[in-house]
Amino acid sequence: MAFELPDLPYAHDALAAGGMSAETMEYHHDLHHNAYVVNGNKLIEGTEWAGKSAEEIIVGTYDANAVAQNGIFNNISQHWSHSQFWEMMGPNGRAMPSELESRIVDAFGSVDAFKTEFGAAGAGQFGSGWCWLVVDKDGALKVTKTENGVNPLCFGQTALLGCDVWEHSYYIDFRNKRPVYLSNFLDNLVNWENVAERLSNA
Ligand code: MN3
């Protein structure tokens with residue numbers, strides 16, 4: 001069974017009031033994410049990875065010692081990360097559930113301190129990549145950043161929240177202002193109920 005581009009969990013213009021335009025969603029979901037699905041399917045066809053889950057392919061093809069990851073990893077990992085990313089966002093007005101808030105305060109000191117660390121990770125990722133809030137193998141909440149298509153599954157971590165900092169994710173709406181894109185993401189776009197659900201399943 002080949003991978004398929006998932007529908008967005010909301011309309012293309014649903015996040016526009018929160019700062020992510022329909023034009024960004026059309027490029028990012030319909031074109032960029034779709035390209036990872038199409039290319040990933042082509043690359044795994046006829047290989048040992050055909051029919052495997054995205055998680056199995058990501059863990060199985062990631063090479064911690066490689067300077068650059070292989071095409072199968074890059075495309076399937078980006079497909080997985082984008083599928084999570086769409087779910088991690090939602091229209092305005094979603095408050096942070098209290099259990100999640102208390103875990104964040106325990107780990108980072110305050111919600112603002114967490115946001116500062118998350119934003120700094122995203123702004124400090126040189127070139128393309130992602131920043132994340134994860135549950136590490138020891139159960140601790142941590143902020144991380146990853147390059148290109150690498151994601152927390154590669155390190156045995158659970159992704160609670162991820163933000164795409166490839167230029168295609170912010171250049172239409174924020175031009176070169178990645179830090180503003182990140183602070184807007186945290187303040188206006190995150191679906192904290194989805195993040196809390198990931199935490200309770202971790
Ligand atoms: Mn992207």
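No hydrogens, no waters, no symmetry mates; every other heavy atom, side chains included, goes into these values.
The salt bridge (Lys or Arg N to Asp or Glu O under 4.0 Å) contacts involving residues 65-84 comprise nothing, where partners must be two or more places apart or lie in separate chains. Listed by first and then second residue, the side-chain hydrogen bond (donor to acceptor under 3.5 Å, both in side chains) pairs that reach into residues 101-115 are Lys115-Asp187, sequence neighbours excluded.
Looking at every heavy atom in both residues, Asn65 comes nearest to Asp63 through N-OD1, 2.9 Å. Listed here is the closest heavy atom pair of Asn184 and Gly19: ND2-CA, 3.8 Å. Ile76 and Gly40 get closest at one heavy-atom pair: CD1-CA, 3.8 Å. Taking all atoms of both residues into account, the shortest heavy-atom contact from Cys131 to Leu182 is SG-CD2, 3.7 Å. Across Gly90 and Tyr10, no two heavy atoms sit closer than the pair CA-CE2, 4.3 Å. Nearest approach of Ala50 to Gly46, heavy atoms of both residues: CB-N, 4.3 Å.
Between Glu23 and His12 there is no side-chain heavy-atom pair separated by less than 4.5 Å. With contacts defined as side-chain heavy-atom distances shorter than 4.5 Å, the pair Phe126/Glu147 does not qualify. Contact of the Thr146 side chain with the Trp132 side chain is registered, since non-hydrogen atoms from C-beta on lie closer than 4.5 Å. Between Ile104 and Met96, the closest side-chain pair of non-hydrogen atoms falls below 4.5 Å. Inter-residue side-chain proximity for Val59 and Cys154 is flagged as unmet; no heavy-atom pair is nearer than 4.5 Å. Between Trp86 and Asp7, the closest side-chain pair of non-hydrogen atoms is not below 4.5 Å. Side-chain atoms of Leu43 and Phe73, non-hydrogen and from C-beta on, never get closer than 4.5 Å to each other.
The backbone N or O of Val37 lies less than 3.5 Å from no partner atom in the side chain of Asn75, so there is not a single donor-acceptor pair.
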Requested in this report: Run the numbers on Tyr170 and Phe185 for side-chain contact (heavy atoms from CB on, under 4.5 Å), then give the verdict.
Outcome: CA-CA 10 Å; Tyr170 59 88; Phe185 171 80; over 6 Å; no
**Report entry** Worked check of side-chain contact (heavy atoms from CB on, under 4.5 Å) between Asp13 and Met25
**Finding:** CA-CA 8 Å; Asp13 63 358; Met25 298 308 280; over 6 Å; no
Requested in this report: Decide yes or no on side-chain hydrogen bond (donor to acceptor under 3.5 Å, both in side chains) for Ser53 and Glu56, but give the supporting numbers first.
Outcome: CA-CA 5 Å; Ser53 70; Glu56 287 173 308; 3.2 Å; yes
Query raised in the report: Does the side-chain contact (heavy atoms from CB on, under 4.5 Å) test come out yes or no for Gln78 and His33, once each step is laid out?
Result: CA-CA 8 Å; Gln78 283 287 79; His33 187 170; over 6 Å; no
Report task. Verify side-chain hydrogen bond (donor to acceptor under 3.5 Å, both in side chains) between Asp173 and Thr24, making sure each step is shown before the conclusion. Result -> CA-CA 7 Å; Asp173 297 321; Thr24 287; 2.7 Å; yes
Report task. Step by step, work out the side-chain contact (heavy atoms from CB on, under 4.5 Å) result for Phe108 and Leu141. Result -> CA-CA 9 Å; Phe108 301 99; Leu141 296 198; 4.2 Å; yes
Requested in this report: Please step through side-chain hydrogen bond (donor to acceptor under 3.5 Å, both in side chains) for the pair Arg178 and Gln125, ending with a clear verdict.
Outcome: CA-CA 10 Å; Arg178 191 194 286 186; Gln125 171 54 39; over 6 Å; no
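Remark: aromatic rings of Trp130 and Phe85 are close, center separation under 6.0 Å. For an aromatic pair to be called close, the ring centres must be under 6.0 Å apart, and Tyr36 with His79 fails this.
Met89 and Val180 fall within a single hydrophobic cluster, where Ile, Leu, Val, Met, Phe, Trp and Tyr side chains are chained together by heavy-atom contacts under 4.5 Å. In the hydrophobic clustering of ILVMFWY residues, with side-chain heavy atoms under 4.5 Å counting as a link, Val38 and Ile57 come out apart. A continuous path of hydrophobic side-chain contacts links Leu5 to Phe3 [ILVMFWY only; heavy atoms under 4.5 Å]. Under a hydrophobic-cluster definition in which Ile, Leu, Val, Met, Phe, Trp and Tyr are linked whenever side-chain heavy atoms come within less than 4.5 Å, directly or via other members, Tyr27 and Leu189 are assigned to different clusters.
Taking CZ from Arg198 and CG from Leu133, the interatomic distance works out to 11.0 Å, rounded to the nearest 0.5 Å. Interatomic distance, Tyr171 OH to Lys177 NZ, rounded to the nearest 0.5 Å: 9.0 Å. A distance of 9.5 Å separates CD in Glu48 from OG1 in Thr61, rounded to the nearest 0.5 Å. Note: Tyr181 OH to Leu186 CG = 10.0 Å, rounded to the nearest 0.5 Å. Note that the CD1 atom of Ile58 and the NZ atom of Lys52 stand 14.5 Å from one another [nearest 0.5 Å].
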Solution key, residues 155-168 side-chain donor-acceptor pairs under 3.5 Å, sequence neighbours excluded:
from	atom 1	to	atom 2	distance (Å)
Gln157	NE2	Asp136	OD1	3.3
Asp164	OD1	Trp166	N	2.9
Asp164	OD2	His28	NE2	2.8
Asp164	OD2	His82	NE2	3.0
Asp164	OD2	His168	NE2	3.4
Trp166	NE1	Asn148	O	3.2
His168	ND1	His32	ND1	3.4
His168	NE2	His28	NE2	3.1

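Applying the side chain to side chain donor-acceptor pair (under 3.5 Å) criterion to Glu55, with sequence neighbours excluded, gives Trp80. Judged as a side chain to side chain contact (heavy atoms under 4.5 Å, CB included), and not counting sequence neighbours, the contacts of Ala140 are Asp138, Lys142. Legend: residues meeting side chain to side chain donor-acceptor pair (under 3.5 Å) with Tyr62, ordered by chain and number and at least two apart, are absent.
Asn34 and Asp30 form no side-chain donor-acceptor contact under 3.5 Å, judged by distance and modelled atom types alone.
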